[in-house]
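Report on the structure given below.
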Amino acid sequence: MDKQILKDTIKQVFSNGKGILAMDESNPTCNKRFAANGIPETEEMRRKYRQLIVSTPGLNESIGGAILSDETIRQKTDDGQPMADLLTHAGIIPGIKVDMSTTSLSGFPNEKITEGLDGLRERLAEYKKVGARFAKWRAVITIGNDIPTRACIKANVNALTMYATLCQEADIVPIVEPEILMDGNHSMQRCYEVTEEVLKTLFYHLYEFKVDFEGMILKPNMVIAGKESEERNSVDAVAQATANCLLASVPATVPAIAFLSGGQSPQKACEHLNAINKNFKDQLPWIVAFSFARAIQQPCLDAWKGRDSNIEFAQKLLYHRAKLSTVARLGTYNSKMEDLR
Ligand code: 13P
């Protein structure tokens with residue numbers, strides 16, 4: 001492990017207020033979002049869509065790193081350029097999702113475990129050759145009656161840890177993503193408690209396995225009530241709960257936290273990120289940024305609808321959302337900026 005390489009990658013990804021664009025949806029997830037827009041669920045349409053994203057003019061003003069899927073990192077643009085090269089030339093570091101998605105955790109109903117450790121060392125070496133300098137692994141924790149169980153948290157944290165050690169061995173920065181889902185009717189307080197337990201367990205394991213905290217990025221959920229909850233919390237209350245939870249659980253030596261958006265609307269995700277940075281700027285030891293997928297992409301995908309004639313407008317929307325996310329990272333966002341002129 002070359003610690004300096006890891007640090008340099010992180011510095012470059014988050015330079016000048018930039019953040020990460022997650023565009024690594026698995027084929028089934030991407031297809032589901034295509035289907036909702038009447039877009040054919042084919043490899044060629046996924047290629048066209050990812051090409052639209054990586055060729056968006058000015059994307060590099062707000063995006064320092066983009067997470068690709070295995071399919072996308074092997075695909076080329078119409079003129080034969082690998083997608084990863086196009087990003088690299090624009091100054092956007094390509095990253096790669098290396099987990100192989102989730103499956104049921106045997107013996108624990110309604111809980112999931114993420115797969116993908118087999119052969120990971122070899123896959124990382126291969127991805128590095130095609131330009132990937134960071135990676136992502138997503139663990140999924142569900143809140144419900146009597147879940148998450150300790151067993152589920154431990155199993156997922158173990159997998160995240162083994163993944164992180166293999167990434168760092170290869171000089172690839174691990175994005176460590178323990179996502180506590182917004183699905184359900186739980187309160188913000190319950191989300192706080194589960195997030196805190198998961199993060200504390202995670203960092204204890206990472207420490208035990210000698211993961212270099214300075215050479216990783218944490219990708220957590222914000223602390224928020226479940227989607228089906230009747231509880232309504234103000235933007236400032238969510239920012240407060242999230243900042244408190246992270247301050248209680250994340251070592252100060254971790255250089256950067258990049259939130260997932262988790263199904264929040266793009267505007268809400270920006271409002272929350274902005275309030276965390278604005279209200280707590282003197283207390284947070286880390287860069288607090290974004291690694292959004294839906295909160296950056298959704299308006300763009302809805303506008304594209306699979307038609308070439310919509311590409312230009314769809315790219316404008318993508319550029320706009322990426323820009324607003326950066327402004328929120330700096331704590332200078334306001335809702336008037338939502339107007340697209
Ligand atoms: P969302 O921002 O849509 O939650 O996706 C982030 C992500 O990469 C999930 O792994």
Side-chain angles (χ1 to χ4, degrees), residues 10-23 53 56 58-67 92-93 95 136 175 177 179-180 182 188 191 195 217-225 232-247 250 254-302 315-341:
I10 296 169
K11 199 169 154 199
Q12 197 182 327
V13 165
F14 295 108
S15 64
N16 302 320
K18 293 182 213 181
I20 297 173
L21 168 63
M23 48 179 290
I53 294 177
T56 293
L59 193 65
N60 57 1
E61 292 165 24
S62 19
I63 300 300
I67 316 171
I92 299 173
I93 301 182
K136 178 188 114 173
I175 295 186
E177 180 180 8
E179 174 171 5
I180 286 102
M182 268 174 77
M188 182 170 76
C191 178
T195 304
I217 296 167
L218 177 70
K219 177 164 174 166
N221 51 283
M222 295 181 192
V223 173
I224 221 162
R232 293 284 162 268
N233 294 293
S234 67
V235 168
D236 284 344
V238 169
Q240 170 112 49
T242 305
N244 287 350
C245 186
L246 295 174
L247 283 166
V250 183
V254 171
I257 288 174
F259 287 109
L260 57 97
S261 56
Q264 302 178 67
S265 71
Q267 180 166 346
K268 268 282 170 274
C270 281
E271 286 174 359
H272 289 146
L273 177 62
N274 183 66
I276 294 165
N277 278 300
K278 190 168 149 207
N279 302 354
F280 297 90
K281 72 169 173 299
D282 299 328
Q283 293 169 54
L284 307 175
W286 334 273
I287 288 170
V288 177
F290 57 90
S291 174
F292 297 155
R294 282 165 288 179
I296 292 181
Q297 290 185 50
Q298 199 62 52
C300 162
L301 178 63
D302 295 344
Q315 287 182 327
K316 257 197 196 136
L317 292 171
L318 188 79
Y319 173 88
H320 187 56
R321 287 260 54 103
K323 189 59 104 187
L324 293 184
S325 304
T326 300
V327 174
R329 186 203 135 174
L330 299 173
T332 54
Y333 165 92
N334 71 64
S335 58
K336 290 196 200 87
M337 297 172 178
E338 289 289 331
D339 289 346
L340 182 65
R341 285 177 213 291

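Just so it is clear, the structure is predicted and the values come from calculations on it, not from any experiment.
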So which heavy atom on I296 is nearest to which on A322, and how close? CG2-N, 4.2 Å
side-chain contact (heavy atoms from CB on, under 4.5 Å), that's the test. Do M188 and I224 meet it? Break it down for me. CA-CA 5 Å; M188 182 170 76; I224 221 162; 5.7 Å; no
Is there a donor-acceptor contact under 3.5 Å from the side chain of Q12 to the main chain of G65? no
Rounded distance (nearest 0.5 Å) linking atom CG of N244 with atom OG1 of T195: 12.5 Å
Sub-3.5 Å donor-acceptor pair from the side chain of N277 to the main-chain atoms of V288, do we have one? yes
When rounded to the nearest 0.5 angstrom, what distance separates CD1 in I175 from CD1 in I10? 9.0 Å
Could you check whether any side-chain heavy atom of K268 comes within less than 4.5 Å of a side-chain heavy atom of V235, counting everything from C-beta outward? yes
Closest non-hydrogen contact found for A258 with S291 is CB-CB, 3.8 Å
Closest non-hydrogen atom pair, A66 against I92: N-CG2, 3.8 Å
One should read off an interatomic distance between L324 CG and E338 CD, to the nearest 0.5 angstrom, of 5.0 Å
Donor-acceptor contact below 3.5 Å, side chain H320 vs main chain M337: yes
CG-CG distance between L318 and L59, expressed to the nearest 0.5 angstrom: 5.5 Å
Looking at Q315, K323, K316, R321, which hits side chain to side chain contact (heavy atoms under 4.5 Å, CB included) with Y319? K323
How long is the gap from CZ on F290 to CD1 on I20, to the nearest 0.5 Å? 8.5 Å
Between the side chain of T242 and the main-chain N/O of A239, is any donor-acceptor distance below 3.5 Å? no
After noting the C-alpha distance and the side-chain angles of W286 and L247, does the key distance pass the side-chain contact (heavy atoms from CB on, under 4.5 Å) rule? CA-CA 10 Å; W286 334 273; L247 283 166; 3.8 Å; yes
Donor-acceptor pair, Q264 side chain versus S261 backbone, under 3.5 Å? yes
Keeping the roles fixed (side chain from K136, backbone from I67), state whether a donor-acceptor pair exists under 3.5 Å. no
Smallest heavy-atom separation, C191 atom then V223 atom, equals SG-CA, 3.8 Å
Looking only at heavy atoms, which two atoms of E271 and S335 are closest? And how far apart? OE2-CB, 4.5 Å
Backbone of F259 reached by a side-chain donor or acceptor of N221 within 3.5 Å: no
To the nearest 0.5 Å, what is the distance between CD on Q240 and CD1 on I276? 11.0 Å
In terms of heavy-atom contacts, R294 and G262 come closest through NH2-C, 3.4 Å
